[in-house]
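Everything numeric here is computed off the predicted structure, so don't read it as measured data. Here is the naming used below: chain letters follow the sequence lines, and residue numbers restart at 1 for every chain.
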Protein chains: 2
Amino acid sequence: MKQNGSDNKLISGRLETAGVIPTAQRIAIYRYLLCEANHPTAEEIKTWADKNFPKLSLATVYNTLNVLIEANLLKEVKVPHEAKILYDSNISYHHHFLDEDSGELVDIPSELVEVTSTLAKEFQVHDIQVLMRGKRQKTRTQH
Amino acid sequence: MKQNGSDNKLISGRLETAGVIPTAQRIAIYRYLLCEANHPTAEEIKTWADKNFPKLSLATVYNTLNVLIEANLLKEVKVPHEAKILYDSNISYHHHFLDEDSGELVDIPSELVEVTSTLAKEFQVHDIQVLMRGKRQKTRTQH
DNA sequence: ATGATTGCAAATGATTTGCATCATA
DNA sequence: TATGATGCAAATCATTTGCAATCAT
């Protein structure tokens, strides 16, 4: 319920800075991506919108996502054996851990992963993305 | 033109070892993946088959690819902003470099990339895949 | 008024599936 | 001749697109 005016200004300001006209739909979707969702699919965004922002069409979800990607406010993530695209509102350099049990994708700060490569100098690397797959140990209950 | 009997035995032996009935179509597709292609799409395999193995249907291409994946003879690779799945017949631990110019995906031996992570111990990592994106410098012509 | 966004429905395109046919042990 | 693979066509499903209606400036 933090859908108040100041939040809107913050979100719409970011959109404007990125050159995106801040419409109500775009603000709603971008806020959801930034504040509530964790690597959602387009479908999850649509489901959320059906509850919280009636009459936002699936086409607009996809259009908005692509506008945000174009504007460098969003990145898409494709995971092997998952049909749907995941959207990541964290655009700073980071990596991912995929929980094999839940399918959940977790952000891993880049400081926690050191990558050292010794490729032939013909390979000019601009970006590195590390995807770690595994299981998340249940946290033991205190007693 | 190395489509000779001994090759077939080698390929079909590997299929059998992995529990896959080595049919002519599967041998052809797997040989193509192992010896000729570099991370092809299903469509590329079909195009190749149309020239070299007439009457191999697209459904069989997909069925075979999925059988090979099930049998751990193949891995699928999904690259952001590319619609089609790439298939990787190199199943040993390695990484990838994606050439932004050509779209080509290049295998990088794991020895050339050192990954050190310091995640909380609740994260049990089973696999790490590193995708490096960048450009491949044109090799200067000798003179 | 104008230019951009939205929403609907139809289109697209990659992959999957149902089922009849075919091959092989 | 029985089990499973193949091939065709139809189905599926995520995503995209065309276009008319709508919104904001």
Side-chain angles (χ1 to χ4, degrees), chain A residues 8-9 11-12 15-16 18-30 32-33 39-50 52-71 73-88 103, chain B residues 8 11-12 15-16 18-33 39-50 52-71 73-88 103:
Chain A
N8 272 345
K9 280 223 189 76
I11 305 278
S12 74
L15 289 170
E16 273 180 340
V20 175
I21 295 175
T23 65
Q25 289 90 334
R26 287 170 178 176
I27 294 168
I29 291 172
Y30 190 36
Y32 177 63
L33 280 158
H39 305 111
T41 62
E43 195 189 24
E44 279 162 25
I45 296 171
K46 178 64 165 78
T47 300
W48 166 86
D50 286 343
N52 302 74
F53 197 105
K55 294 278 294 171
L56 198 166
S57 76
L58 185 56
T60 297
V61 171
Y62 279 109
N63 287 340
T64 298
L65 290 170
N66 289 330
V67 164
L68 295 178
I69 287 171
E70 286 288 298
L73 294 174
L74 207 58
K75 283 188 173 175
E76 67 169 53
V77 181
K78 288 192 179 179
V79 174
H81 303 103
E82 298 206 358
K84 301 175 189 178
I85 297 174
L86 305 181
Y87 295 91
D88 191 349
Chain B
N8 273 346
I11 305 277
S12 74
L15 289 170
E16 273 179 339
V20 175
I21 296 175
T23 66
Q25 289 89 334
R26 288 171 176 176
I27 293 169
I29 291 172
Y30 191 36
R31 191 213 324 277
Y32 177 64
L33 279 159
H39 305 110
T41 62
E43 195 189 25
E44 278 163 26
I45 295 171
K46 178 64 165 76
T47 301
W48 166 86
D50 286 342
N52 301 74
F53 197 105
K55 294 277 293 168
L56 198 166
S57 76
L58 185 57
T60 297
V61 170
Y62 279 109
N63 287 339
T64 298
L65 290 170
N66 289 331
V67 165
L68 295 178
I69 287 170
E70 286 289 297
L73 294 174
L74 208 57
K75 283 189 173 175
E76 67 169 52
V77 181
K78 289 191 179 179
V79 174
H81 303 103
E82 299 206 357
K84 301 176 190 177
I85 297 174
L86 305 181
Y87 295 91
D88 191 348

Item checked: Heavy-atom pair with the smallest gap, counting every atom of K78(A) and E82(B) -> NZ-O, 2.7 Å
Margin query: Minimum heavy-atom separation for E44(B) and H39(B), please, with both atom names.
Written below: OE1-O, 4.5 Å
Distance, rounded to the nearest Å, where [X] contributes [atom1] and [N] contributes [atom2]:
{"X": "E43(A)", "N": "dC13(D)", "atom1": "CD", "atom2": "C1'", "answer": "10 Å"}
{"X": "E76(B)", "N": "dA14(C)", "atom1": "CD", "atom2": "P", "answer": "16 Å"}
{"X": "K78(A)", "N": "dA14(D)", "atom1": "NZ", "atom2": "P", "answer": "14 Å"}
{"X": "L58(A)", "N": "dC8(C)", "atom1": "CG", "atom2": "C1'", "answer": "11 Å"}
{"X": "I85(A)", "N": "dT15(D)", "atom1": "CD1", "atom2": "C1'", "answer": "7 Å"}
{"X": "E44(A)", "N": "dT15(D)", "atom1": "CD", "atom2": "C1'", "answer": "16 Å"}
{"X": "K46(A)", "N": "dT6(C)", "atom1": "NZ", "atom2": "C1'", "answer": "13 Å"}
{"X": "Q25(A)", "N": "dC23(D)", "atom1": "CD", "atom2": "P", "answer": "10 Å"}

Item checked: Residue pair L33(A) / L73(A), side-chain heavy-atom distance below 4.5 Å ->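 They are not in side-chain contact.
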Notebook entry, point to check: Would a 4.5 Å heavy-atom cut-off, applied to side chains only, mark L56(B) and T64(B) as touching?
Noted result: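 When only atoms from C-beta onward are counted, T64(B) and L56(B) do not touch, as no gap falls below 4.5 Å.
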Note to self: Going by the rule salt bridge (Lys or Arg N to Asp or Glu O under 4.0 Å), which residues pair with K46(B) if we only count those two or more places apart in sequence or in a different chain?
What the structure shows: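 With neighbours one apart ignored, the set is D50(B).
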Next item on the list: List for me each residue that meets salt bridge (Lys or Arg N to Asp or Glu O under 4.0 Å) alongside E43(B), sequence neighbours excluded, and say none if there are none.
Entry: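 If we apply the salt bridge (Lys or Arg N to Asp or Glu O under 4.0 Å) test to E43(B), skipping adjacent residues, the hits are K84(B).
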Notebook entry, point to check: Taking only N and O in the side chain of T23(B), is any of them less than 4.0 Å away from OP1 or OP2 of dT6(D)?
Noted result: yes
Checklist line | Presence of T60(A) side-chain N/O under 4.0 Å of dT6(C) phosphate oxygens OP1/OP2 | finding: no
Item checked: Whether over 12 other heavy atoms sit under 6.0 Å from E70(B) CD ->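 No, because the 6.0 Å sphere around CD of E70(B) holds 12 heavy atoms or fewer from other groups.
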Notebook entry, point to check: Using a heavy-atom distance cut-off of less than 4.0 Å, which residues of residues 61-68 of chain A contact DNA chain D?
Noted result: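 By residue number: Y62(A), N63(A), N66(A).
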Item checked: Nearest listed nucleotide, side chain of A59(B), among dC8(D), dA9(C), dT6(D) ->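 Selected nucleotide: dC8(D).
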Margin query: Measuring from the side chain of S57(B) (C-beta onward, heavy atoms only), which nucleotide among dT5(C), dA5(D), dC8(D) has the closest atom?
Written below: dC8(D)
Notebook entry, point to check: Residues two or more places apart in sequence or in another chain: which of them pass side-chain contact (heavy atoms from CB on, under 4.5 Å) with V77(A)?
Noted result: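 V77(A) satisfies side-chain contact (heavy atoms from CB on, under 4.5 Å) with V79(A), L86(A), D88(A), H96(A), L105(A) only.
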Checklist line | Protein proximity profile, nucleotides 20-25 of chain C - base contact B, sugar-phosphate-only contact S, no contact -, cut-off 4.0 Å on heavy atoms | finding: ------
Note to self: Return whichever of K55(B) or A42(A) has its heavy-atom-nearest nucleotide of DNA chain D closer to the 5' end.
What the structure shows: K55(B)
Please tabulate, for side-chain N and O atoms in residues 21-29 of chain A, each donor-acceptor pair with protein atoms closer than 3.5 Å (sequence neighbours left out).
residue, atom, partner, partner atom, Å
T23(A), OG1, R26(A), N, 3.2
R26(A), NH1, I21(A), O, 2.9

